[in-house]
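Chain identifiers are assigned alphabetically (A, B, ...) following the order of the sequence lines, protein sequences preceding nucleic acid strands; residue numbering begins at 1 within each chain. Given the structure is predicted, the values throughout are model-derived calculations rather than measurements.
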2 protein chains.
Amino acid sequence: MTRASTTSRRNAVREALSECEGFRSAQDIYAALRADGSKIGLTTVYRALQALCDAGEVDVLRTDEGEAVYRACRTEEHHHHLVCRDCGRTIEVAGPAVERWAAAIADEHGFSEITHTVEIFGRCADCTGAE
Amino acid sequence: MTRASTTSRRNAVREALSECEGFRSAQDIYAALRADGSKIGLTTVYRALQALCDAGEVDVLRTDEGEAVYRACRTEEHHHHLVCRDCGRTIEVAGPAVERWAAAIADEHGFSEITHTVEIFGRCADCTGAE
DNA sequence: ACGGTTTTGACAACCGTTTTCATTTTGTCC
DNA sequence: GGACAAAATGAAAACGGTTGTCAAAACCGT
């Protein structure tokens, strides 16, 4: 897991990403940086996100519409997310029980080289209250 | 969960889907039907899949590349998938423990109206052996 | 058979993402 | 600091999956 190179553009993307609570699309980041006066290009945002992603500094997942959304993760360790579908607020959760369950299921059916995706979506307390 | 209307084209898509073991993209289905001599259009395949999907007759999920893939599910009940990343063979698995875990995590953080995605990917015994 | 609704398919439009390529910036060795 | 090579950048074009448009065809109840 080599660290992504740190150019000023990449740092800008890193920073924009770490300033928000939830998952954001490449275009969101681009719009935010532009709004801040940056002259960054959309292509560069995509490339920076990909680099950060490869380096393991950010998590990616796909929305139901197939759009890729990114988030700076606090921990380097394997974890999953509890995401508010209204405000996007995201909580990182560890799930050793789920890891074991997935491994057991796979083993039972003779599958190897397991990976898995586990994400939980809901409405957070604030959004439920503010309705 | 109203049943999707049954036109001949929709049935063709239904059938094509139920004839294969794993998740298939809209374009795969289209190609298969065309190869069988059907004059169906790509648009219609997309529409049929969406209808079947709305009716709960098929499951959809997104590949890492953002492509939507579909599968006729055997059971109407809530379940997850164990998917071979080589041949696409898919096994439906129930995970009451995971359901409980997800509910508990959500509750603990004050989240409500929970949904979740849980998919396991790996290499099945056949593909491991045939390598 | 008739009129109205639904479905269909060719094609164009869309949208997020990637590629291309010429220009700019960065790093390094002198 | 200056020169040069390598890496990064941005505008625009290309791409690929998916959705919208619209006229023609199939289907339905009478």
Atom [atom1] of [X] to atom [atom2] of [N]: distance rounded to whole Å?
X     : N      : atom1 : atom2 : result
A:D28 : C:dT17 : CG    : C1'   : 15 Å
B:R10 : C:dT6  : CZ    : C1'   : 9 Å
B:L49 : C:dT7  : CG    : C1'   : 16 Å
B:E65 : C:dT18 : CD    : P     : 10 Å
B:R34 : C:dT8  : CZ    : C1'   : 12 Å

Does any part of the side chain of [Y], heavy atoms only, come nearer than 4.5 Å to the side chain of [X], both counted from C-beta?
X      : Y      : result
A:F111 : B:I91  : yes
A:R71  : A:R74  : yes
A:H116 : B:V118 : no
B:F23  : B:L61  : yes

Original post:
Any sub-3.5 Å donor-acceptor pair from B:T75's side-chain atoms to B:C73's backbone N or O?
Top reply: no
Subject >> Backbone N/O of A:V45 and side chain of A:R9: donor-acceptor pair under 3.5 Å >> reply: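 Checked: no pair found.
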Original post:
Does a donor on one side chain and an acceptor on the other come within less than 3.5 Å for B:D28 and B:S25?
Top reply: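 Note: B:D28 and B:S25 side chains meet the donor-acceptor criterion.
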Original post:
Looking at D:dG10, C:dT7, C:dG9, which one has an atom nearest to any side-chain atom of A:T44?
Top reply: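 Closest nucleotide among those given: D:dG10.
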**OP:** At under 4.0 Å between heavy atoms, which parts of nucleotides 16-23 of chain D does protein reach? Answer with one letter per nucleotide, 5' to 3': B base, S sugar-phosphate only, - none.
**Re:** -SBBBB--
**OP:** Using a 4.0 Å cut-off on protein heavy atoms (strictly under), produce a 5'-to-3' string for nucleotides 24-30 of chain D with B for base contact, S for backbone-only sugar-phosphate contact, and - for none.
**Re:** -------
Subject >> In one Ile/Leu/Val/Met/Phe/Trp/Tyr side-chain cluster, 4.5 Å: A:F121, B:V60 >> reply: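 A:F121 does not cluster with B:V60.
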Original post:
Do A:V69 and A:L17 sit in the same hydrophobic cluster, where Ile, Leu, Val, Met, Phe, Trp and Tyr count as joined when their side-chain heavy atoms come under 4.5 Å apart?
Top reply: no
**OP:** May I ask you to decide whether B:E119 forms a salt bridge with B:R62, counting only side-chain N to carboxylate O separations under 4.0 Å?
**Re:**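 Looking at B:E119 and B:R62, the cut-off is not met.
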Original post:
Angle class for the B:W101/A:H80 ring planes (parallel below 30°, perpendicular above 60°, tilted otherwise)?
Top reply: perpendicular
Original post:
Taking five pairs at each end, how big is the angle between the two axes of the helix from C:dA1-D:dT30 to C:dC30-D:dG1, to 10°?
Top reply: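 End-to-end axis angle for the helix from C:dA1-D:dT30 to C:dC30-D:dG1: 30°, rounded to 10°.
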